[in-house]
Number of protein chains: 2
Amino acid sequence: MSAKDIDTCDLQCIHEETVNKVRKALLSEETIEDLQNLYKVLGDATRLSIMNALSIAEMCVCDVAAALGMSQSAVSHQLRVLKSARLVKYRREGKQVYYSLDDDHISKLFAVGLEHVRHR
Amino acid sequence: MSAKDIDTCDLQCIHEETVNKVRKALLSEETIEDLQNLYKVLGDATRLSIMNALSIAEMCVCDVAAALGMSQSAVSHQLRVLKSARLVKYRREGKQVYYSLDDDHISKLFAVGLEHVRHR
DNA sequence: TATACATATGAACGATTGTTCATATGTTCA
DNA sequence: TGAACATATGAACAATCGTTCATATGTATA
């Protein structure tokens, strides 16, 4: 039974004070979920490559596909995901739609990750 | 045929200069893959919750399980993932193993994400 | 308005991932 | 050394995700 496990654990191993302190200070489930969604979007090589490209220049969908050697469809699908996570923005000009990183804040997200990865 | 598509695209829509410029400036595939792995690890509510908890206090596996209402097994599995991404470190003390965030740099990763999520 | 083209979207398939359950490892203390 | 306990790990199943293929939408131009 899980009740038994928890009890056993409560009695034998847990630092109750720490656990209570931590419990009170935890972020809300909603915030954690938002963070999860953000990082999940960033956790894909295709999307990171797209963001990498857009951090260099504003580009239309076709440009991105050509630069990365991907299909138009795949790029479009992923741009949609990036857009709904507010990581990229777009502007329409005639038939083309030009995408770019949403703001400088996004580059920072990218940069902090890079720092970690390169730090050994 | 994909060759036809690419040609059509090349002739009709691509800004060749931009594409070439971007191609040259792209991060290496290896770097992108490292970034992907990092963010993928962060892109899970359980692991974020664990990191959230550890950012408040160093804790043993049992404490974490109790604080988050999770099974010991699930916590252990995820701590392993966090460990291999160098996001947490541990020290053994008797039967218990105490985990904490690997360094202050990790809190920054967390914080930058939070900023984005909270910014509207 | 009809055609061409850039982009978006829906369905479906294969691959990846997180949990659970069962059990193994490793440490302490009698 | 043997029992108790904290932690780790392996296998397997369900759920989630990214791609492809086919097609729809929307814009410009003849």
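Numbered from 1 within each chain, the chains take letters A, B, ... in sequence-line order.
- For the pair Glu93(B) CD and dA6(D) C1', the computed distance is 13 Å after rounding to whole Å.
- Panel note: side chain His116(B), backbone Ala85(A); a donor-acceptor pair is recorded below 3.5 Å.
- In this structure, Tyr99(B) reaches the sugar-phosphate backbone alone: every heavy-atom distance under 4.0 Å involves primed, P, OP1 or OP2 atoms, never a base.
- When the side-chain nitrogen and oxygen atoms of Lys95(B) are compared with OP1 and OP2 of dG26(C), none of them lie within a distance under 4.0 Å.
- Among the nucleotides dT7(D), dA8(C), dT9(C), the one closest to the side chain of Val61(A) is dA8(C).
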For this session: Would you sort out whether Asn52(B) and Phe110(B) count as a side chain to side chain contact (heavy atoms under 4.5 Å, CB included), showing the intermediate values?
Result: CA-CA 8 Å; Asn52(B) 185 197; Phe110(B) 207 83; 3.9 Å; yes
Exercise. Side chain to side chain contact (heavy atoms under 4.5 Å, CB included) between Val88(A) and Asp102(A): does it pass, once the steps are laid out?
Worked result: CA-CA 4 Å; Val88(A) 304; Asp102(A) 192 70; 5.6 Å; no
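- Atom P of nucleotide dT7(C) and atom CG of Leu82(A) are separated by 16 Å, given to the nearest angstrom.
- For the pair Asp44(A) CG and dT16(C) P, the interatomic distance rounds to 13 Å; values are reported in whole Å.
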For this session: Please step through side chain to side chain contact (heavy atoms under 4.5 Å, CB included) for the pair Leu87(A) and Leu109(A), ending with a clear verdict.
Result: CA-CA 10 Å; Leu87(A) 292 172; Leu109(A) 252 172; 4.3 Å; yes
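- Side-chain N/O atoms of Ser71(B) include one lying less than 4.0 angstrom from OP1 or OP2 on dT20(C).
- Put simply, CG on Leu79(B) is 13 Å from P on dG18(C), counting in whole angstrom units.
- A donor and an acceptor atom never sit less than 3.5 Å apart when one is taken from the side chain of Gln72(A) and the other from the base of dA6(C).
- The base of dC21(D) is paired with the side chain of Ser73(A) by a donor and an acceptor separated by under 3.5 Å.
- Relative orientation of the Tyr99(A) and Tyr90(A) rings is tilted, given thresholds of 30° and 60° on the angle between their planes.
- The CZ-C1' distance, from Arg80(B) to dT20(C), rounds to 17 Å in whole Å.
- Both Arg92(A) and Gln78(A) lie near DNA chain D, and the one whose nearest nucleotide falls closer to the 5' end is Gln78(A).
- The nearest whole Å value for the distance from the CG atom in Leu42(A) to the C1' atom in dC17(D) is 15 Å.
- In the set dG18(C), dG18(D), dC17(D), dC17(D) carries the atom at the smallest distance from any side-chain atom of Lys40(A).
- With rounding to whole Å, Asn37(A) atom CG is found 12 Å from dT16(D) atom C1'.
- A distance cut-off of 5.5 Å between ring centres, combined with a plane angle under 30°, leaves His77(B) outside any stacking arrangement with the base of dT19(C).
- Checking dT7(C), dG10(C), dT19(C) against the side-chain heavy atoms of Thr46(B) singles out dT19(C) as nearest.
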